[in-house]
Amino acid sequence: MVAVLAAGIVAGAINAIVGSGSLITFPTLLAVGLPPITANVSNNIGLVPGGVTGVLGYQAELSGQRGRLARLVPASVAGSLIGGLLLLNLPERAFTTVVAVLIGLSCVLVLTQPVISRRLAARPRKAHGGPWLWLGVFAAGVYGGYFGAAQGVLLVGLFGVFLDEDLQRVVAAKNVLTLLVNATAAVLYVLVAKVDWWAVALVALGSMAGGFLGARVGRRLPSPVLRGVIVCVGVAAVVKLLSG
């Protein structure tokens, strides 16, 4: 219980800043004995309250983005529903293999995000996203509804390509969309999936505290250390999934 609560705090803080918190909580839930799909479902539901505190912490940066988010929210919600249905209908063996690959790709994204951000910053960006950004957000929603680790990294990268916007405002918009992706999938999971409510409660309590702290002070943490922890935990999760 202590381990899951602590993982929820760390994940909530990471999600408020970058968006890779599931690389902390999901492996922790596996380590304490939950089956992979139950762990993923419970983790997703538990991280929703942390998403709320993360959004509240970035309220100032959300000013003036209502129109943009109104266009992108349907893409996130529709993608999340499709990803959630894929999770619930594909066999667990397929989930284990797919998630091992997704965690590996997420670790690569977390490691390479500084390089990607620097290259994107050097490119001329558009004032509005257009249909390509909408499709990219939809694809990120499918990914988030199915698993979701590092979906925030994907969204920040998409915004960097298609928008001419300050990074902090991008992070604020990312927090809104990832919250809606997780909340949409959570509603689906509550209705039809097996949920470990003890795990949900612990992750939720931790992620609420972590989301608040992450939005307040998380940007002062040493990024290399944070990335190193995330990648180490992700590699451990891949090993555990593939070894059974």
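What you see is a predicted model, and the numbers here were worked out from it, not measured in a lab. Heavy-atom basis, side chains included; hydrogens, waters and symmetry copies ignored.
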Rounded at 0.5 Å granularity, tell me how far [atom1] in [X] sits from [atom2] in [Y].
X: L34; Y: S42; atom1: CG; atom2: OG; answer: 5.5 Å
X: Y189; Y: N182; atom1: OH; atom2: CG; answer: 8.5 Å
X: L177; Y: F159; atom1: CG; atom2: CZ; answer: 5.0 Å
X: N15; Y: Q151; atom1: CG; atom2: CD; answer: 8.0 Å
X: L179; Y: L56; atom1: CG; atom2: CG; answer: 9.0 Å
X: N40; Y: T25; atom1: CG; atom2: OG1; answer: 9.0 Å

Any side-chain heavy-atom pair from [X] and [Y] closer than 4.5 angstrom?
X: V99; Y: P36; result: no
X: W132; Y: L158; result: no
X: F147; Y: V98; result: no
X: V55; Y: L62; result: yes
X: L90; Y: F95; result: no

Which atom names give the shortest non-hydrogen contact between [X] and [Y], and what distance separates them?
X: L180; Y: T184; result: O-OG1, 2.7 Å
X: P74; Y: A70; result: CD-O, 3.2 Å
X: R169; Y: Q65; result: O-NE2, 3.0 Å
X: A16; Y: N175; result: O-ND2, 3.3 Å
X: A7; Y: T28; result: CB-OG1, 3.5 Å

| task | Classify the side-chain pair D196/T38 by whether it contains a donor and acceptor separated by less than 3.5 Å. | result | no
| Does a donor on one side chain sit under 3.5 Å from an acceptor on the other, for N43 and S22? | yes
Test your reading of the model: is there a side-chain donor-acceptor pair from [X] to the backbone of [Y], 3.5 Å cut-off?
X: S207; Y: G12; answer: no
X: E61; Y: V170; answer: no
X: S63; Y: A60; answer: no
X: S80; Y: S76; answer: no

| message | Set out, in order, the CA-CA distance, both residues' side-chain angles and the distance that settles side-chain contact (heavy atoms from CB on, under 4.5 Å) for Y58 and V176, then state yes or no. | response | CA-CA 10 Å; Y58 276 88; V176 172; over 6 Å; no
| Hey, what's the ring geometry for W134 with F138, parallel, tilted or perpendicular (30° and 60° as the breaks)? | parallel
| Taking V192 as the fixed residue, which of L85, V187, L88 is the one that meets the side chain to side chain contact (heavy atoms under 4.5 Å, CB included) rule? | L88
Quick one: do [X] and [Y] end up in the same hydrophobic cluster if we chain Ile, Leu, Val, Met, Phe, Trp and Tyr together by side-chain heavy atoms under 4.5 Å apart?
X: V200; Y: V48; answer: yes
X: V41; Y: F26; answer: yes
X: I37; Y: W198; answer: no
X: L5; Y: V10; answer: no
X: V181; Y: L23; answer: no

| task | Determine, stepwise, if the pair F212 / I9 fulfils side-chain contact (heavy atoms from CB on, under 4.5 Å). | result | CA-CA 9 Å; F212 177 79; I9 294 172; over 6 Å; no
